[in-house]
2 protein chains.
Amino acid sequence: MPQGRELMKGNVDSLLLCLMGQQPMYGYQIIKELEKRSQGYFKFKEGTLYPALHRLERAGLIQGKWQLLSSGQQRKYYHITDKGLATLVEKRGQWLDFLFAMNLIIQPSRG
Amino acid sequence: MPQGRELMKGNVDSLLLCLMGQQPMYGYQIIKELEKRSQGYFKFKEGTLYPALHRLERAGLIQGKWQLLSSGQQRKYYHITDKGLATLVEKRGQWLDFLFAMNLIIQPSRG
DNA sequence: GATTCTACATAGAGAAACTAGGTATTGCCA
DNA sequence: TGGCAATACCTAGTTTCTCTATGTAGAATC
């Protein structure tokens, strides 16, 4: 987050759920994917991502499964759960409400 | 903030600068004004507002001036400074950048 | 006379993100 | 083959925000 990184706060979980709502992903992949999809804007730090993934798993919103590659390496793929999907929908709604309220203040309609 | 209150983080300063960029305001008025303009969405707590105002003043973005009412009561009006105006413009830009990036993830264009 | 509204303030708790460090494997290049 | 970059995971400690809870005090209302 080059500038205005404080804006991240409160949105990390939504972004992660959103990605995993589309397909299971592992940590390193998530970092790369978020950077790519946001055209370089989101550059998650590991100290942000991994604790967030563990938090989401503890909350039952995602579930991690170790997968052994033919190379012998281990990757931990996270899958979204039903509860996670429901939370994703909820969070998307909250984000839209928040956006609406912000726009009322930040770009007040003349009148 | 009824739900999704974490979304506030990092945006309090922008909202405050935005209001004071239009006219000087005092604390209690800011709380009421934000609630009114956001159609009830923003309900700032005092424990959020006053520390934020002091933070902005320490940073030289706003300046508080006590004003004595005819009733004998004191109100502390905060005025935005030149530095505050510059920061407001900057923060608005950061907000738009953030919004753009969020939309790329949250509502990915099919393709 | 009591409660509510106006108006300011802070201390402490909790949560979230970052800094900075650690481990280990793989692949590349000189 | 020796070193470096990339891949891939992790956490302890710090900082920063926001909220909870509380305090003070005058004005208005009931």
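We name chains A, B, ... by the order of the sequence lines, and we start the count at 1 in each one.
Using a 4.5 Å cut-off on side-chain heavy atoms (C-beta onward), I30(A) and L53(A) make contact. Two residues are said to be in side-chain contact when any heavy atoms from C-beta on lie closer than 4.5 Å; N11(B) and F98(A) meet this criterion. Counting heavy atoms from C-beta on, the side chains of Q74(B) and L69(B) never come closer than 4.5 Å. Q73(B) places none of its side-chain heavy atoms less than 4.5 Å from the side chain of L68(B). Between H79(B) and K65(B), the closest side-chain pair of non-hydrogen atoms falls below 4.5 Å.
Of all heavy-atom pairs spanning F44(A) and L16(A), the tightest one is CE2-CD2, 4.3 Å. Summarising the geometry of L49(A) relative to G27(A), their closest heavy-atom pair is CD2-O, 3.2 Å, with the distance given to 0.1 Å.
Projected onto DNA chain C by closest heavy-atom contact, Q73(B) and Y78(B) fall at different nucleotides, the more 5' of which corresponds to Q73(B).
Residue K76(A) places no side-chain N or O under 4.0 Å from the OP1 or OP2 atom of dA8(D).
The NZ atom of K43(B) sits 13 Å away from the P atom of dT20(D) (whole-angstrom rounding). Spacing between atom CD of Q74(B) and atom C1' of dA9(C) amounts to 14 Å, rounded to whole angstrom units. Here dA24(C) presents its P atom at 19 Å from CG of L69(A), a figure rounded to the nearest Å. Rounded to an integer number of Å, the gap from NZ of K45(B) to P of dG23(D) is 19 Å. Look at CG on L49(B): it is 15 Å from P on dT20(D), rounded to the nearest Å. At whole-Å resolution of the value, CZ in R75(B) and P in dT6(C) are 10 Å apart. Between the OH atom of Y77(B) and the P atom of dT6(C) there is a distance of 14 Å, rounded to whole Å. Here the P atom of nucleotide dA16(C) and the CG atom of D13(A) are 7 Å apart, to the nearest Å.
With hydrogens and angles ignored, the 3.5 Å screen pairs no side-chain donor or acceptor of S14(A) with any backbone N or O of K91(A).
Of the residues in residues 50-61 of chain A, those with a non-hydrogen atom less than 4.0 angstrom from any atom of DNA chain C are R55(A). A heavy atom lying under 4.0 Å from DNA chain D marks the following residues of residues 24-34 of chain A, by number: Y26(A), G27(A), Y28(A), K32(A).
The CD1 atom of I105(A) sits 6.0 Å away from atom CG of L19(B), with the distance rounded to the nearest 0.5 Å.
Taking the side chain of E46(A) as heavy atoms from C-beta on, and the options dG21(C), dT19(C), dA7(C), the nearest nucleotide is dG21(C).
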